[in-house]
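Per chain, numbering begins at 1; letters A, B, ... match sequence-line order. Bear in mind the structure is a predicted one, so any value in this text is a computation, not a measurement.
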Amino acid sequence: MKTGSMIFSLLHVPRFRIQSLANCWGETFHSFSTTCGNNSNVRLLGSRIYGLQGGQRKKWTRPITTNIEGKGSTKSKSIKHEILSETILANATVNVNKTQLDKSQEIQYCDIQQEIAENKDLSSYTVIVFDIETTGFSRENERIIEIALRDLQGGENSTFQTLVNPQCKVPNSHIHGITTHMVNKPGVPRMEDLIPILLQYVRSREKPGGDVIFVAHNARCFDVPFIINELRRYSVEIPPNWLFLDTLPLARELIKSGGTTLSSTSLAALRDLYGIKVDGSAHRAMVDVNALSLILSRLTSDLKLTLSDLVKKSFTESDIINSKNKKKN
DNA sequence: TGCCAGGCCCTCTTTAGGGCCTT
């Protein structure tokens, strides 16, 4: 198993508008590789954001990066975003080691993506695995401090990760290693700054007229309600083509089906079951996203689930709200 | 003084309670 190669990547954000952004952030990247039980070598590329720098309110320049795993993308590129008033202009240059990039093309996260490619009925779906780190468990009282996404179709800009300035203290640094000092400074985007960027990023991954399935572990009870609350806090509606899939019920289903040594449905237990090694700190968003990408692949294989099955198991924002209302009544 | 997360699942249950999962 080889690890440690450095891959630069970028977030190619097309020109778009944003109300107020006063941030500057950069990323360094690390790679992650693992070998699954069926001898299929899988290599993951994660990212981490450090070196956050302050910016000015109305005019600033910032590097935004995600990773490149593009097919045949051996050109060097770099990205430089200039924020002038309310407009972001994107230009890019990133240095990518060709050998490393060739290796990165071996990535095959999910049979799901192959199924999407082969099935016309499913070709409109985009599957994005995501994870958030927060200041605690309460969706009402706590805030998101890190978010990471991975589009399983891969290619350029298939990942997105950033710290988020919660504008409050981080009381649980012992969990994820993210401290108040790391996020409470001008260089880190606040949620209100990040939302338009996030929406733009997801739009850039969508297929025309297609739906996006967001996958997370314990999505129904934790990640999705958190996202819904954060968007609502800034009067932003969840796009109607967003679906959500929770891998926790899939893990329960696997235990019920028997024939597995899995005794807990936690992400850590699933990682252990499938021999997925963590490169970096577990409980950091992109590390968990990378692990869950592999877990999703193995879970769907073990449970013999197709993408159609996953679509049936997915839920919408309305489902969460309706179930909450039912409970109230 | 009162609140402290909340939804799902299991069982010694169903007019309930407790454990698990997420940070």
Completion exercise
The reported gap from OG in A:S264 to CG in A:L262 (rounded to nearest 0.5 angstrom) is 6.5 Å
Handout entry: Interatomic distance at C1', B:dG7 relative to B:dT23, whole Å
Key = 16 Å
Problem - Residues that A:P171 engages under side chain to side chain contact (heavy atoms under 4.5 Å, CB included), provided they are two or more places apart - result: A:T135
Handout entry: Spacing of A:R139 atom CZ relative to B:dT22 atom P, expressed in whole Å
Key = 15 Å
Handout entry: Atom-to-atom span, CZ of A:F315 to C1' of B:dC8 - whole angstrom
Key = 12 Å
Handout entry: For A:T126 against A:K207, the heavy-atom pair lying closest together
Key = OG1-N, 3.7 Å
Handout entry: Parallel, tilted or perpendicular: rings of A:F315 and A:F244 (30°, 60°)
Key = tilted
Practice task
Send over the distance from A:I144 CD1 to B:dT22 P, rounded to a whole Å.
Solution key: 17 Å
Taking only nitrogen or oxygen atoms into account, show me every contact under 3.5 Å that the protein makes with nucleotides 18-21 of chain B, one pair per line with its distance.
unit_1, atom_1, unit_2, atom_2, d
B:dC21, OP1, A:S264, OG, 2.3
B:dC21, OP1, A:T265, N, 2.8
B:dC21, OP1, A:T265, OG1, 3.3
B:dC21, OP1, A:S266, N, 3.3
B:dC21, O2, A:N218, ND2, 3.0

Exercise for the section: Give one of base, sugar-phosphate or nothing for A:D288, where a contact means two heavy atoms less than 4.0 Å apart. Expected result: sugar-phosphate
Completion exercise
From CG of A:D131 across to C1' of B:dT23 the rounded distance in Å is 9 Å
Practice task
Could you measure between the two C1' atoms, the one in B:dC20 and the one in B:dT15, and give it in whole Å?
Solution key: 25 Å
Handout entry: A:R220 vs B:dC8: side-chain N/O to OP1/OP2 distance below 4.0 Å
Key = yes
Exercise for the section: Could you state the atom-to-atom distance from CZ of A:F214 to P of B:dT22 in whole Å? Expected result: 21 Å
Completion exercise
Hits for side chain to side chain contact (heavy atoms under 4.5 Å, CB included) against A:D302, two or more places apart or cross-chain, chain-then-number order -> A:L254, A:Y274
Handout entry: Under 3.5 Å donor-acceptor pair, A:N172 side-chain atoms to B:dT23 base atoms
Key = yes
Practice task
Ignoring hydrogens and angles, state whether a donor on the side chain of A:N290 or A:S293 is under 3.5 Å from an acceptor on the partner side chain.
Solution key: no
Exercise for the section: For the residue pair A:V289 and A:L149, establish whether any side-chain heavy-atom pair is separated by less than 4.5 Å. Expected result: no
Practice task
Could you tell me whether the phosphate oxygens of B:dT23, OP1 or OP2, come under 4.0 Å of any side-chain nitrogen or oxygen in A:H283?
Solution key: yes
Problem - Rounded distance in Å between the C1' positions of B:dC10 and B:dC4 - result: 25 Å
Exercise for the section: Indicate the ring-plane relationship of A:F160 and A:Y201, choosing parallel, tilted or perpendicular according to the 30° and 60° boundaries. Expected result: tilted
Fill in the blank from the handout: From CD of A:E230 across to C1' of B:dT22 the rounded distance in Å is 15 Å
Exercise for the section: For B:dC8 versus B:dC12, give the span between their P atoms, rounded off to a whole number of Å. Expected result: 22 Å
Exercise for the section: Mind checking A:I145 for me? I need base, sugar-phosphate or nothing, with any heavy atom below 4.0 Å counting as a touch. Expected result: nothing
Problem - Separation of the C1' atoms in B:dC9 and B:dT14, to the nearest angstrom - result: 13 Å
Handout entry: Rounded distance (Å) that lies between atom P of B:dA5 and atom CG of A:N229
Key = 14 Å
Exercise for the section: Quickly work out the A:D223 CG to B:dA5 C1' distance and round it to whole Å. Expected result: 14 Å
